[in-house]
There are 2 protein chains.
Amino acid sequence: MAATIKDIAKKAGVSMSTVSLVLNRKGYVASETKQRILSIMQQMNYKPLRSARKLATQKTGNIGYIIWEGHFSEVEMFYSQVFLGMEYAARKNDHYILLTTVKEEFDPKENLPRFLRYNDVDGVALAGRVPHALIEYLDHQHIPFVLIDYELPGKNYNCVKIDNYNGAFRAMESLILSGRKNIAFVGGTYFHPSIKERYRGYKEALEKYNLINNNYLEKNSYCEEAETSRAIGEKGAIKLLGKNPAIDAVFCCNDTTAMGVISGVQKYGKKIPGDIAVIGFDDIPPAEFCTPKLSTLRVPKLVIGKEAYKLLCELNDNPNMAPQTRTIAVDLIVRESSYSESKGN
Amino acid sequence: MAATIKDIAKKAGVSMSTVSLVLNRKGYVASETKQRILSIMQQMNYKPLRSARKLATQKTGNIGYIIWEGHFSEVEMFYSQVFLGMEYAARKNDHYILLTTVKEEFDPKENLPRFLRYNDVDGVALAGRVPHALIEYLDHQHIPFVLIDYELPGKNYNCVKIDNYNGAFRAMESLILSGRKNIAFVGGTYFHPSIKERYRGYKEALEKYNLINNNYLEKNSYCEEAETSRAIGEKGAIKLLGKNPAIDAVFCCNDTTAMGVISGVQKYGKKIPGDIAVIGFDDIPPAEFCTPKLSTLRVPKLVIGKEAYKLLCELNDNPNMAPQTRTIAVDLIVRESSYSESKGN
DNA sequence: TTGATTTATCGAAACGTTTTAATATATTCT
DNA sequence: AGAATATATTAAAACGTTTCGATAAATCAA
């Protein structure tokens, strides 16, 4: 039914090889013949058949994108955006991105994504925290992979990460320079490396401006939970305000938590940003629409996806490249929740 | 490097055909030989090569999943969940689901997703509102497709839809039976068929209980906008309360809008659900975590995806099947925003 | 016992590409 | 001019499956 290379070749009076060469922009072909072939392709509405191509080249043409089920199912638009960034970038090289989820309790023998079970990807992107058993599996099978927004302490894997430290530091500086002195940190677990880095930015900014006195950190940080969520943000805010009524700003480990903090602070009867300034991290879409609008660090999610894709491509071209880490900068977006004018000084 | 059918055949002392037959559970093969082949496959860690398979069978093994860019990028977890439902279902038949987005201003000549440009899918799911030009393109090219949560008036396409009418009707009944009498509707545009149906459920429930007097509907509905969003919900709520202070409940066209309505009502100084009950539609994840927790109609998103996938498979098996519509039932979830005890009667 | 049917296996062609090595011609370098 | 090199084209093999039709043995029906 559909036209094949053979049909084109016949009609153009050349061999299949020549057609293939123009298709792939390779080798030498007279510009006159090239034009003729091109126009015949157009005219016959020729589409190269992917499976035949892939069979001949021994490439799969697929990139896997794996995300923990919980992250995709919940309010995490973050990784969907990163996915889109990859998808956009992959359009140029004609890769398909295969999105799938894995469960927390992951066993390579049982729940291996199909595209891994059948060796059907040229590389894999791992979005956020994923089971370590999965990472080890990929490493062991020598399947190229990159971690996105996640790192394994002690291990040296390819990785695209956010500049968590500097982002946090800048957010803190903006709070400090606008006169806030008792700045709390509300985060989920320290377990997540990104959050660890954000906390480090928090701490070192305080140190730089000599704001830390005796038990400042204990009084002002809430990091007891294993996850991050709105509910946890709310709980954390209320708990901290109970411990230390002097708090005049909160830096949150991410926007989701920040939204919870906002409602916690409001329930507590304090005004934002008048009494308390709040800054989140990530710039998820609701940040712009909640009340008050949330100040935050904008993470360029599409860029992250694109960078991860590029890294995977390089890995394909050069399989024994040394593992590298690419760090993506973030922008401080000041919205209502931390306008400095609102603080009375 | 990797084992092929040939290797298996040689080791088992049979022909490639026989190996292929056991691989595909087809034809006759002695159970003894079958076992032998199976165990050799195991032992040699044999994985059939997808591209070779697809080339031979002339199937792509892919299903496209197309969503409007705005829907995926914004706070719409809805269609991501539907995607997951498809992904889960597709695992059994070994289809890959290729997720991509299209822009609003869509031109088949320009922005056709790659998998369509290269005829590289066995079918396509269209999630939510998508450009009509795209639908027409698919129809014209005879590519099997199903619309998800969207319909074209007058056209008879394959479609998996939510039972919008009955859901709305039941929500309204619960409000009415708990004593609410002035029930508003806040929706986006009537343009979207789902919202139209929800509005119809709203209206007919009012009619059944004889609540409609002279200009009840004009006074109580806000449907002027082209989109739905939190901001629009807020605006709508405030506008309606200005027109009609007697309003004691709001049925919203979806949860996103409902969250806006909640903040609008609160800004207006009314209590939820004491003064005003609110019910949304969709049961997106934040519905459970906002304050007050939002009553809503739970749409089984995974089921929708699964059903869409099954429909596409049937379409593949039987290409000239008559177009059909599958309607998925919804459940009313009563949470804080419409507890009936809270209304003082 | 014969002929039909079912069960079991296989050889070879087909699917639509890419790629290698060969051939032929044209161009450039001494 | 001759050698080297660049340009242009091709035939044929390869990629790893599935499937068609053939063949043959085993089972069944009469």
For this session: Select from A/L21 and B/M16 the residue whose nearest nucleotide in DNA chain C is closer to the 5' end of that strand.
Result: B/M16
For this session: Please examine the side chains of B/P108 and B/L134, heavy atoms only from C-beta on, and report whether any two atoms are closer than 4.5 Å.
Result: no
Seminar exercise, completed: For A/F115, the ring pair (Phe, Tyr, Trp, His ring centres under 6.0 Å) test, sequence neighbours excluded, returns none
Problem set entry | Donor-acceptor contact below 3.5 Å, side chain A/N318 vs main chain A/L315 | no
Problem set entry | Residues that B/E307 engages under side-chain hydrogen bond (donor to acceptor under 3.5 Å, both in side chains), provided they are two or more places apart | B/R326
Problem set entry | Inter-axis angle, terminal five-pair segments of the helix from C/dT1-D/dA30 to C/dT30-D/dA1 [nearest 10°] | 20°
Exercise. Quick check: does any side chain N or O of A/D107 sit under 3.5 Å from a backbone N or O of A/K109, one acting as donor and the other as acceptor?
Worked result: yes
For this session: For B/T4, answer base if it contacts any base atom (sugar-phosphate contacts may also be present), sugar-phosphate if it contacts only those atoms, and nothing otherwise; contact means non-hydrogen atoms under 4.0 Å.
Result: sugar-phosphate
For this session: If a pair satisfies side-chain hydrogen bond (donor to acceptor under 3.5 Å, both in side chains) and one of its residues is in residues 112-126 of chain B, list it, with sequence neighbours excluded.
Result: A/R50-B/D120, A/E87-B/R114, A/Y96-B/D120, B/T60-B/D122, B/H95-B/D122
Exercise. Are any of the side-chain nitrogens in A/E151 or A/R129 under 4.0 Å away from the carboxylate oxygens of its partner?
Worked result: no
For this session: Using a 4.0 Å heavy-atom cut-off across all strands, classify B/L55 as base, sugar-phosphate, or nothing.
Result: base
Problem set entry | Side-chain N or O of A/S17 closer than 4.0 Å to phosphate OP1/OP2 of D/dT9 | no
Problem set entry | Partners meeting ring pair (Phe, Tyr, Trp, His ring centres under 6.0 Å) with A/Y46 (sequence neighbours left out) | none
Exercise. Got a sec? Which of residues 24-47 of chain A come in under 4.0 Å of DNA chain C, heavy atoms?
Worked result: A/N24, A/K26, A/Y46, A/K47
Atom pairs and distances, side-chain donor-acceptor, residues 154-163 of chain A, under 3.5 Å, sequence neighbours left out:
unit_1, atom_1, unit_2, atom_2, d
A/N158, OD1, A/Q324, N, 3.0
A/D163, OD1, A/N166, N, 3.3
A/D163, OD1, A/N166, ND2, 3.2
A/D163, OD2, A/N166, ND2, 2.9

Seminar exercise, completed: Applied to residues 122-141 of chain A, the ring pair (Phe, Tyr, Trp, His ring centres under 6.0 Å) test, sequence neighbours excluded, yields none
Seminar exercise, completed: Nt span of DNA chain C in reach of chain A heavy atoms at under 4.0 Å, 5' end first, is C/dG16 to C/dT19
For this session: Take atom CD1 of A/I5 and atom C1' of D/dA12, then tell me their distance rounded to the nearest Å.
Result: 15 Å
Exercise. Does the side chain of B/S20 come under 3.5 Å of the side chain of B/S17 through a donor N or O and an acceptor N or O?
Worked result: no
Exercise. Is B/I66 close to B/T100 at the side-chain level, that is, under 4.5 Å between some pair of heavy atoms?
Worked result: yes
For this session: Could you check how far CZ of B/R50 sits from P of D/dT18, rounded to whole Å?
Result: 12 Å
For this session: Return yes if some donor-acceptor pair links the side-chain N/O of B/T18 with the main-chain N/O of B/V14 below 3.5 Å, else return no.
Result: no
Exercise. Any side-chain heavy-atom pair from A/E104 and A/W68 closer than 4.5 angstrom?
Worked result: yes
Exercise. Which nucleotide, D/dT10, D/dT17, D/dT19, lies nearest any side-chain atom of B/A56?
Worked result: D/dT17
Could you list all N or O pairs between the protein and nucleotides 21-27 of chain D that sit under 3.5 Å apart?
none

For this session: Ignoring backbone atoms, establish whether A/T18 has a side-chain N or O less than 4.0 Å from OP1 or OP2 of D/dT10.
Result: yes
Exercise. How many angstroms lie between CD1 in A/I304 and CG in A/L84, if you round to the nearest 0.5 Å?
Worked result: 13.0 Å
For this session: Please state how far atom NZ in B/K54 lies from atom P in D/dT18, giving the value in whole angstrom units.
Result: 9 Å
Exercise. Considering residues at least two apart in sequence or located in another chain, which fulfil the side-chain hydrogen bond (donor to acceptor under 3.5 Å, both in side chains) criterion with A/S51?
Worked result: none
Exercise. Of the residues in residues 91-98 of chain B, which ones touch DNA chain C at a heavy-atom distance under 4.0 Å?
Worked result: none
